[in-house]
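Working notes for the structure below.
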Amino acid sequence: MTLRLYNTMTREVGDFVPLTPGRVSLYTCGPTIWNFAHIGNFRTFLFEDLLRRWLEASGFDVFHIMNLTDVDDRTIQAALKAGVTLREHVEPYAQAFFADRDYLRIRSAHAYPRATQFIAPMISLVESLLAKGVAYRGDDGSVYFAIARFPEYGRLSQLDQRELRSGASGRVSSDEYAKEDARDFVLWKAAQPDDEAVGAAWDAPFGRGRPGWHLECSAMALDLVREKWGEDVLDIHCGAVDLIFPHHEDEIAQSCAHTGKPDFARVWMHAEFLNVRGTKMSKRFGNYTTARDLQEDGTDAAALRLFFFQTHYRQKLDLNDESLGAATSALRRLGDFAARLATGPGTVSGAVGEGATAELEGAAKQLREQFAAGLDDDLNAPRALAALFDFVTAGNRALDRGAAACAPARDAFDWATGILDILPTAREADAGLATWVEERIQARKAARQARNFAEADAIRDELAAKGVTLEDGPGGTKWRAG
RNA sequence: GGCGCCGUAGCCAAGUGGUAAGGCAGAGGUCUGCAAAACCUCUAUUCGUGAGUUCGAUUCUCACCGGCGCCUCCA
């Protein structure tokens with residue numbers, strides 16, 4: 001089986017071949033830490049988390065970099081408004097992002113570079129581009145990249161096939177007069193009073209100022225990958241679809257003009273948006289939910305992961321009132337099965353049990369194959385999940401028939417659920433509640449033995465009122481809260 | 001206006017040139033004192049509409065309808 005990935009550059013799914021066999025440099029555009037990230041942002045980060053995990057599960061040594069954008073219009077304006085320095089404003093949001101990341105079980109990247117920590121490499125990059133003649137100093141003191149001098153410009157977004165309508169997005173700022181061409185983008189912005197006020201200006205040979213947004217990714221990625229492996233091309237570069245143009249297009253222009261290499265990244269992958277009733281989730285539209293909102297509502301992070309993974313990453317996904325609830329129900333099914341597999345008998349004697357155990361082992365083998373086939377196919381998590389649920393059904397059936405919860409089944413299930421990381425979060429049971437529930441269960445047991453079912457049902461109702469569900473099984477009565 | 005994506009059961013969502021995975025919800029059954037969980041069965045003759053290519057299309061082509069995204073600092 002070979003991993004195949006969709007490459008935005010070629011608009012095709014192809015075999016993934018890293019620059020150097022066995023290892024992968026993965027650069028993922030991170031959040032701008034001017035505020036809390038919303039779960040639309042996290043859809044992309046969760047997709048990248050799965051990519052990272054699957055690459056590692058496939059045997060690659062992955063070097064994962066995620067930048068944190070700490071200098072841009074939004075961070076500066078927010079700091080200004082709050083009356084603090086850029087650094088002071090941004091730090092709590094960086095910490096909040098890490099906390100959200102941990103809550104959502106996203107594996108930590110190996111590096112979280114911030115633009116302000118890489119001023120020197122960015123200045124070098126600008127100097128290189130100036131020396132090569134693809135950048136110029138505008139009348140306003142800013143440094144711009146001259147698109148006209150980089151013929152390859154537009155390959156990623158197929159710009160050659162389209163007509164740019166300036167201002168069509170309605171998000172264009174006004175100070176565009178200093179550029180030679182309206183499409184040129186800024187590499188280094190001449191310092192403004194607002195920048196100075198929050199400590200967001202640095203001296204450079206070509207004038208005091210601050211880095212443009214696109215510059216940071218090129219400079220940090222090249223710097224870190226060179227330091228790590230001595231390379232100047234990334235294996236995979238990810239982001240959400242809105243970054244294809246202009247962000248990634250501009251990164252390519254800067255980086256390739258500098259390195260002289262045909263590619264900045266060998267594979268470009270982009271996640272689709274999370275929509276809310278048809279419109280993309282966005283701070284601008286006010287239709288957003290943050291990770292901490294979900295956490296406060298008691299949403300299991302695993303349910304959100306499951307919800308996201310049930311839709312392919314290149315497909316728009318709509319969040320509505322029912323979607324998370326449905327994922328929570330599905331999660332419970334997985335959790336119940338996990339518990340059953342973990343506590344079930346390890347060995348069973350007798351022909352019936354043995355036949356069923358063989359069946360369970362067969363299902364486990366199929367799980368491994370189907371799950372891998374799904375993820376190998378451009379990270380088709382919905383297919384992988386279908387394989388997982390097929391295994392749950394087959395597993396329950398086999399266990400019902402007396403199968404032993406054998407090691408091959410446990411290992412395959414742990415492997416698959418571990419890669420997706422979608423088992424319910426183990427909850428710290430409230431000690432007082434547990435004691436009370438156990439006491440009530442004993443009382444009910446006594447009532448049942450006395451065949452006083454009215455009393456037994458009353459106790460069950462009493463527990464249900466507290467959100468406790470009972471399950472009578474051969475091994476006694478089990479209970480579940482919430 | 002340019003470029004691109006999407007439209008599959010009540011809801012969410014895979015998918016293939018040869019006749020529709022999975023999840024949620026729902027119905028019936030087995031088990032149970034009754035439940036819960038689990039298991040079994042059922043729930044799209046059909047994949048936005050129309051036409052075309054083909055022995056055959058949900059899957060390819062065209063048109064149309066509907067939704068969405070990007071078009072210079074939005075994950």
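Residue numbers begin at 1 in each chain, while the letters A, B, ... track the order of the sequences.
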Can we say [X] and [Y] salt-bridge, meaning some charged N sits less than 4.0 Å from an Asp/Glu carboxylate O?
| X | Y | result |
| --- | --- | --- |
| A:Asp195 | A:Arg210 | yes |
| A:Asp457 | A:Arg460 | yes |
| A:Arg105 | A:Asp300 | yes |
| A:Lys365 | A:Glu361 | no |

Of the listed nucleotides [options], the one nearest the side chain of [X]:
| X | options | value |
| --- | --- | --- |
| A:Lys316 | B:A25, B:G22, B:G69 | B:G69 |
| A:Leu274 | B:G22, B:C12, B:A75 | B:A75 |
| A:Glu471 | B:C11, B:C74, B:A36 | B:A36 |
| A:Thr393 | B:C39, B:U72, B:C74 | B:C39 |
| A:Arg448 | B:G23, B:C34, B:A75 | B:C34 |
| A:Arg340 | B:C11, B:A38, B:G23 | B:A38 |
| A:Gln158 | B:U72, B:G4, B:A38 | B:G4 |
| A:Val186 | B:A36, B:A14, B:C73 | B:C73 |
| A:Phe273 | B:G23, B:C70, B:A14 | B:C70 |
| A:Phe185 | B:C70, B:A14, B:U72 | B:U72 |

Atom-to-atom span, [atom1] of [X] to [atom2] of [N] - whole angstrom:
| X | N | atom1 | atom2 | answer |
| --- | --- | --- | --- | --- |
| A:Phe309 | B:A14 | CZ | P | 14 Å |
| A:Glu455 | B:A35 | CD | P | 20 Å |
| A:Asn287 | B:A75 | CG | C1' | 13 Å |
| A:Leu334 | B:A38 | CG | C1' | 14 Å |
| A:Glu272 | B:G69 | CD | P | 10 Å |

Pair assignment for [N], Watson-Crick or G-U wobble, requiring both distances under 3.5 Å:
| N | result |
| --- | --- |
| B:G66 | B:C6 |
| B:U19 | none |
| B:C60 | B:G52 |
| B:G1 | B:C71 |
| B:A38 | B:U30 |

Under 4.0 Å, counting only non-hydrogen atoms across every strand here, what does [X] touch: a base, just sugar-phosphate, or nothing?
| X | value |
| --- | --- |
| A:Ser282 | nothing |
| A:Ala386 | base |
| A:His312 | sugar-phosphate |
| A:Thr311 | sugar-phosphate |
| A:Asp457 | base |
| A:Asp242 | base |
| A:Gln315 | sugar-phosphate |
| A:Thr28 | nothing |
| A:Leu470 | base |
| A:Ala330 | sugar-phosphate |

Give a yes/no on whether any side-chain N or O of [X] is located under 4.0 angstrom from OP1 or OP2 of [N].
| X | N | result |
| --- | --- | --- |
| A:Arg74 | B:A75 | yes |
| A:Asn275 | B:G69 | no |
| A:Arg397 | B:C40 | yes |
| A:Arg444 | B:C34 | no |
| A:Arg332 | B:C24 | no |
| A:Asn380 | B:A14 | no |
| A:Lys280 | B:C70 | yes |
| A:Thr32 | B:A75 | yes |

Donor-acceptor pair between A:Tyr313 and A:Asp378 side chains, under 3.5 angstrom: yes
Which residue lies more 5' along RNA chain B, comparing A:Asp250 with A:Gly40 via nearest heavy atoms: A:Asp250
5'-most by nearest nucleotide on RNA chain B - A:Arg460 or A:Leu306: A:Leu306
Side chain to side chain contact (heavy atoms under 4.5 Å, CB included) between A:Phe98 and A:Leu68, worked out: CA-CA 11 Å; A:Phe98 292 139; A:Leu68 300 183; 3.8 Å; yes
Whether A:Phe453 stacks on the six-membered ring of B:G33 base, 5.5 Å and 30° limits: yes
Step-by-step side chain to side chain donor-acceptor pair (under 3.5 Å) determination, A:Asp390 to A:Gln370: CA-CA 10 Å; A:Asp390 281 344; A:Gln370 297 301 311; over 6 Å; no
Integer angstrom distance from the P of B:C11 to that of B:U19: 26 Å
CZ on A:Arg340 to CG on A:Asn396, rounded to 0.5 Å: 5.0 Å
Plane angle bin for A:Tyr288 and A:His38 - parallel if under 30°, tilted between 30 and 60°, otherwise perpendicular: tilted
No-H, no-angle donor-acceptor pair, A:Asp72 side chain to B:C74 base, under 3.5 Å: no
